[in-house]
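Please read the structure below before turning to the comments.
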Amino acid sequence: MANLPAQPTLADLRREIDRIDAAMHDLLMERGEIIDTLIRIKNTQDSGSAFRPGREASMMRNFAERHRGNLPFDTVESIWRVIISTFTYVQAPYTVHADVSGGDAPMRDTARFHFGFTVPYMPHDSAASVIDAVARSAGDLGVFRAEPGRSAGAWWTALTGAGRPKIIARLPFVERPGHPAGTPVYVISKPIADAAVRDNVLYALGVERWRDGLQAALAKVGATVEHSAGEETGLNLLVAAPGAVSLDDLYGVMAGLGVGVFDIEEIGSHAARFRLDSAKPRNP
Ligand SMILES: O=C(O)C(=O)C[C@]1(C(=O)O)C=C[C@@H](O)C=C1
């Protein structure tokens with residue numbers, strides 16, 4: 001407000017708004033020049049994907065922590081999600097494939113909020129079809145609803161095996177009551193070696209059957225059952241555990257319960273969720 005007289009006119013204020021808008025536009029174009037150099041440094045074209053979920057999570061955390069004033073944080077988050085996702089796309093074009101078997105509207109809102117409109121959105125009628133599309137692509141992303149019971153079948157078992165797509169993020173990074181695109185989703189991509197954030201690790205756990213006390217026993221090591229699906233061969237679980245928990249710890253939990261395990265495989269990892277407890281903007 002340094003350039004304004006004590007009693008500004010509407011024209012004075014609009015001049016200031018024009019000055020700020022031009023500065024923001026200049027800064028975004030300058031950001032684009034940095035991205036041009038970053039493409040060479042990161043060798044994005046070789047790996048096929050520029051997505052770095054750990055970096056994105058920490059950027060969003062910083063914005064949530066520093067935000068002040070009357071602009072709703074929803075707007076800040078959506079603007080920067082679009083900036084970051086679009087600059088990811090500028091580095092290496094990708095499509096977002098979404099499993100809309102639980103409804104198209106929430107997935108479309110989520111995809112547009114987190115990836116904007118420049119990045120193509122492709123709906124699929126099953127998780128299997130999303131995983132297949134990502135597996136066949138160079139650097140596409142897939143999104144599934146992360147809420148229990150919202151996706152049919154043990155879709156996560158298709159993520160097992162070296163070279164198969166893996167979960168690389170859980171969105172939104174910043175959780176809060178009344179989030180405008182609050183549907184929690186897992187994001188998958190082909191494995192990106194230097195992109196993994198291991199705050200939370202996800203496992204496909206195949207057991208012979210459900211056993212009372214299974215959730216309580218997993219909770220003792222900080223693990224949770226996120227999804228479960230029964231099949232003729234047994235029960236498939238999608239288990240989330242803190243990064244410090246090892247495969248041996250999980251085998252130990254199952255052995256302690258006397259539950260036979262036929263498979264435990266890591267199927268990805270993601271950054272710890274960050275909670276913003278009030279959706280209201282904080283005042284300066
Ligand atoms: O930091 C990087 O590695 C980038 O590619 C830059 C950038 C960004 O635009 O800020 C874009 C994509 C990544 O997912 C993270 C951040």
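The chain is numbered in sequence order, starting from 1. In listed order, ligands and their atoms are each counted from 1. Remember, predicted model here, so these are calculated numbers, not experimental data.
Shown here is Asp212, whose CG atom has no more than 12 heavy atoms of other residues, nucleotides or ligands within 6.0 Å.
Using a 4.0 Å cut-off between charged side-chain N and carboxylate O, Arg136 and Asp132 make a salt bridge. Using a 4.0 Å cut-off between charged side-chain N and carboxylate O, Arg15 and Asp12 make a salt bridge.
Protein heavy atom closest to atom 4 (C) of ligand 1, with residue, atom name and distance, is Lys42 NZ, 3.4 Å.
Residue contacts with ligand 1 for Leu38 involve side-chain atoms from C-beta outward but no N, CA, C or O (heavy atoms, distance under 4.0 Å).
Remark: ligand 1 atoms within the under-4.0 Å shell around heavy atoms of Phe87 are 9 (O). Remark: ligand 1 atoms within the under-4.0 Å shell around heavy atoms of Phe51 are 14 (O). The distance from ligand 1 to the heavy atoms of Ala50 drops below 4.0 Å at these ligand atoms: 12 (C), 13 (C), 14 (O). Counting the atoms of ligand 1 from 1 in the order shown, those under 4.0 Å from a heavy atom of Met59 are 10 (O).
With Arg31, Gln91, Arg52, Glu56 as candidates, the residue nearest to atom 8 (C) of ligand 1 on a non-hydrogen basis is Arg31. Evaluated by nearest non-hydrogen atom to atom 12 (C) of ligand 1, the leading choice among Thr88, Thr86, Ile39, Ile192 is Thr88.
Classified by interplanar angle (parallel below 30°, tilted 30° to 60°, perpendicular above 60°), the ring pair Trp155/Phe144 is parallel. Ring geometry for Tyr94 versus Tyr89: interplanar angle over 60°, hence perpendicular rather than tilted (30 to 60°).
For the pair Ile167/Leu159, a side-chain contact is recorded, criterion being any heavy-atom separation below 4.5 Å from C-beta on.
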